[in-house]
Amino acid sequence: MTKDIGAPPQFGALIGDHTQTGNNISLGPGVAIGRHTRINSGVTLAIRTVPDHSVVTAPHTGEAKVHSRRPARDPVGGDL
(Lines give C-alpha, C1' and ligand atoms only; values in the text may rest on other atoms or scores of the structure.)
Protein backbone atom coordinates (compact mmCIF):
# COMPACT_ATOMS: atom_id res chain seq x y z
CA MET A 1 0.00 0.00 0.00
CA THR A 2 1.38 3.41 -0.97
CA LYS A 3 0.46 6.75 0.52
CA ASP A 4 -0.19 9.79 -1.61
CA ILE A 5 2.17 12.54 -0.43
CA GLY A 6 -0.34 15.24 -1.36
CA ALA A 7 -3.14 13.59 0.67
CA PRO A 8 -4.74 15.71 3.40
CA PRO A 9 -3.70 14.94 6.97
CA GLN A 10 -5.64 12.28 8.85
CA PHE A 11 -6.16 14.17 12.11
CA GLY A 12 -8.23 17.05 13.43
CA ALA A 13 -6.72 20.35 14.53
CA LEU A 14 -3.68 20.82 16.78
CA ILE A 15 -3.95 23.69 19.27
CA GLY A 16 -0.80 25.02 20.96
CA ASP A 17 -0.32 25.65 24.67
CA HIS A 18 -1.82 28.80 26.19
CA THR A 19 -4.04 29.46 23.15
CA GLN A 20 -7.25 31.41 23.74
CA THR A 21 -10.30 30.85 21.55
CA GLY A 22 -13.54 32.76 21.27
CA ASN A 23 -16.90 31.06 20.86
CA ASN A 24 -18.25 29.69 17.58
CA ILE A 25 -14.89 29.00 15.89
CA SER A 26 -14.39 26.30 13.28
CA LEU A 27 -11.05 24.64 12.55
CA GLY A 28 -10.58 22.51 9.45
CA PRO A 29 -8.75 19.17 9.43
CA GLY A 30 -4.99 19.43 9.69
CA VAL A 31 -4.91 22.99 11.05
CA ALA A 32 -2.02 23.63 13.48
CA ILE A 33 -2.38 26.61 15.83
CA GLY A 34 0.83 27.94 17.43
CA ARG A 35 1.41 28.56 21.12
CA HIS A 36 0.22 31.75 22.84
CA THR A 37 -2.24 32.50 20.02
CA ARG A 38 -5.61 34.22 20.32
CA ILE A 39 -8.50 33.31 17.99
CA ASN A 40 -11.43 35.72 18.10
CA SER A 41 -15.07 34.61 18.02
CA GLY A 42 -16.66 33.57 14.75
CA VAL A 43 -13.43 32.61 12.97
CA THR A 44 -13.33 29.75 10.45
CA LEU A 45 -9.83 28.50 9.60
CA ALA A 46 -8.87 26.22 6.76
CA ILE A 47 -5.23 27.34 6.44
CA ARG A 48 -2.65 24.80 7.54
CA THR A 49 -0.59 26.69 10.15
CA VAL A 50 -0.88 29.74 12.37
CA PRO A 51 2.46 30.89 13.86
CA ASP A 52 3.16 31.24 17.60
CA HIS A 53 2.13 34.53 19.24
CA SER A 54 -0.54 35.40 16.64
CA VAL A 55 -3.99 36.97 16.76
CA VAL A 56 -6.59 35.63 14.30
CA THR A 57 -9.55 37.87 13.48
CA ALA A 58 -12.36 37.85 10.94
CA PRO A 59 -14.00 41.29 11.06
CA HIS A 60 -17.22 40.75 9.10
CA THR A 61 -15.50 39.04 6.18
CA GLY A 62 -15.24 35.51 4.90
CA GLU A 63 -11.47 35.73 5.13
CA ALA A 64 -9.57 35.32 8.43
CA LYS A 65 -6.65 37.66 9.09
CA VAL A 66 -3.57 36.52 11.03
CA HIS A 67 -1.58 39.21 12.86
CA SER A 68 1.70 38.69 14.70
CA ARG A 69 1.94 40.02 18.20
CA ARG A 70 4.90 40.61 20.44
CA PRO A 71 5.44 37.76 22.94
CA ALA A 72 4.78 38.62 26.58
CA ARG A 73 7.79 38.82 28.83
CA ASP A 74 8.10 36.73 31.96
CA PRO A 75 8.95 38.85 35.04
CA VAL A 76 12.01 36.62 35.52
CA GLY A 77 13.25 37.65 32.09
CA GLY A 78 12.26 34.86 29.66
CA ASP A 79 9.50 34.59 27.11
CA LEU A 80 6.23 33.05 28.23
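Predicted model only: the values in this text are computed from it and were never measured.
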Less than 4.0 angstrom from a charged side-chain N to a carboxylate O is my criterion; do Arg35 and Asp52 meet it? yes
Closest contact, heavy atoms only, Gly28 versus Ala13: O-CB, 4.2 Å
What is the minimum heavy-atom distance between Thr57 and Val43, and which atoms define it? C-CG2, 4.1 Å
Leu27 and Thr44: side chain to side chain contact (heavy atoms under 4.5 Å, CB included), yes or no, with the steps? CA-CA 6 Å; Leu27 303 175; Thr44 298; over 6 Å; no
Sequence neighbours excluded, the answer for side chain to side chain donor-acceptor pair (under 3.5 Å) partners of Asn40 is none
Can you measure from OG (Ser54) to NE2 (His36) and round to the nearest 0.5 angstrom? 12.0 Å
Give the cluster check for Ile25 versus Val31: same hydrophobic cluster or not, with ILVMFWY residues linked at side-chain heavy-atom distances below 4.5 Å. yes
Inter-residue atom distance His53.NE2 - His18.NE2, 0.5 Å rounding: 10.0 Å
Option among Leu45, Ile39, Thr19 that satisfies the side chain to side chain contact (heavy atoms under 4.5 Å, CB included) test with Val50: Leu45
Please tell me whether Asn24 and Ser41 have a donor and an acceptor in their side chains that are separated by less than 3.5 angstrom. no
